[in-house]
Amino acid sequence: MLAQVLGERHPTRLALVGGGGSGKSTLAAALGYRVAGRFPGGVHWFRVGAWDVRTLGEILALRFGVARAHPWKGLRATLSSRGPMLIVLDNHEDDRAIAALFERLGEIDASVLITARRCLLAGVSIFPVVPPLITSGRAAFPSAAGLTRLLRFNPLALDVASALIESGETTARALGEHLSARGVGRVRVIEHEDDLPEVKSLVEFAWRRLDGAAKRLLAVLAHTDGDHMDRASLLRLARGGARGEAGLERLRRWHVVEEPVADRFSLHATVRYAVLRKTRFDLGRYFEHYLTLLEAHPERLALEQSHLFASMELAHGRGRLEDALRLNALLARLEA
């Protein structure tokens with residue numbers, strides 16, 4: 001049905017809206033793959049989070065080869081000349097920024113697919129996303145089948161629980177007792193859309209069994225705003241060494257970290273939220289690492305672009321002249 005909606009008319013503005021871990025990004029990826037042939041201008045994926053409209057404009061300008069100084073006119077021309085395209089805005093959080101983005105782009109020959117926990121945008125068709133087996137009451141993970149209702153059919157929570165059980169770290173019974181003791185089954189007010197008790201309790205269960213190196217790996221992934229991070233960068237920023245390698249393997253085995261691209265790692269937003277409250281990390285080291293990396297290896301831009309965007313946002317927030325000058329020099333080189 002979604003593929004039909006995106007294929008019937010251009011442009012279409014569609015938002016996949018659902019709770020953390022319900023499968024919005026996975027569904028968007030599958031949908032983009034399904035309809036790619038209908039968009040000769042390509043399918044372009046951006047993780048937008050809570051970045052402001054200025055950063056969003058710079059992100060699109062860099063991707064589409066438009067001058068960043070005054071991007072909007074160039075973006076309107078470029079996005080209207082390449083033929084119909086699909087733009088995916090993943091993990092949307094700031095309604096005002098996205099509304100301003102649409103306003104500044106105007107009428108372009110592009111369909112837009114948004115994923116969000118909530119979406120208060122007029123002019124966007126909302127499609128609710130729920131875990132696929134919740135309406136039938138079936139269990140998707142046999143080893144954690146007895147925990148399905150307790151974990152509210154949340155695919156992410158069930159995946160982590162199943163991995164913990166299948167790794168031999170615990171049993172379904174022991175994990176269920178832990179979850180019940182943490183009050184997962186109770187109705188309560190949560191602090192944020194990513195503050196899911198079922199995920200937070202699983203993170204707590206894993207946290208108690210991790211050493212310092214593994215916890216530092218989680219801290220790096222939780223506090224940085226880029227997408228997936230390569231193994232070498234992650235270990236360097238976490239000061240992991242050999243113990244970090246072992247910790248990363250444990251996190252992979254338990255499915256606490258995700259590996260969307262081979263040997264590159266990330267955290268789901270709900271896991272990230274749980275880890276953020278426990279950890280600290282110096283974002284200045286992150287900024288320095290990725291600027292140095294891209295200065296030495298500009299050919300890595302396609303893989304590291306979200307970390308460049310996050311560094312741009314950091315530079316805007318910190319307001320340091322030396323950061324801005326260095327970043328502008330790098331961006332000018334990448335544009336050239």
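Of all the heavy atoms in D323 and A315, the pair that sits closest is CB-CB, 4.4 Å.
Relative to the six-membered ring of F205, R208 misses at least one condition, a distance below 6.0 Å or an angle of at most 45° to the axis.
Considering only heavy atoms from C-beta on, F102 stays 4.5 Å or farther from I108 through its side chain.
Side-chain contact check for D109 and S80: no donor-acceptor pair (N or O, by modelled atom type) lies under 3.5 Å. Side-chain atoms of H178 and S201 form no donor-acceptor pair, as typed in the model, at a separation below 3.5 Å. Checked by atom type, the side-chain pair D194/T270 shows no donor-acceptor distance below 3.5 Å. Judged by distance alone, the side chains of D159 and S162 never bring a donor and an acceptor atom under 3.5 Å apart.
Ring planes of F281 and H223: tilted class, angle from 30 to 60°.
Counting non-hydrogen atoms of other residues, nucleotides and ligands closer than 6.0 Å to NZ of K278 gives a total above 12. More than 12 heavy-atom neighbours from other residues, nucleotides or ligands sit within 6.0 angstrom of CZ on R188.
Under the rule for a salt bridge (Lys or Arg N to Asp or Glu O under 4.0 Å), the partners of R277 that lie at least two apart in sequence or sit in another chain are E191.
Taken to the nearest 0.5 Å, the CG atom of N91 stands 15.0 Å off from the CZ atom of F46.
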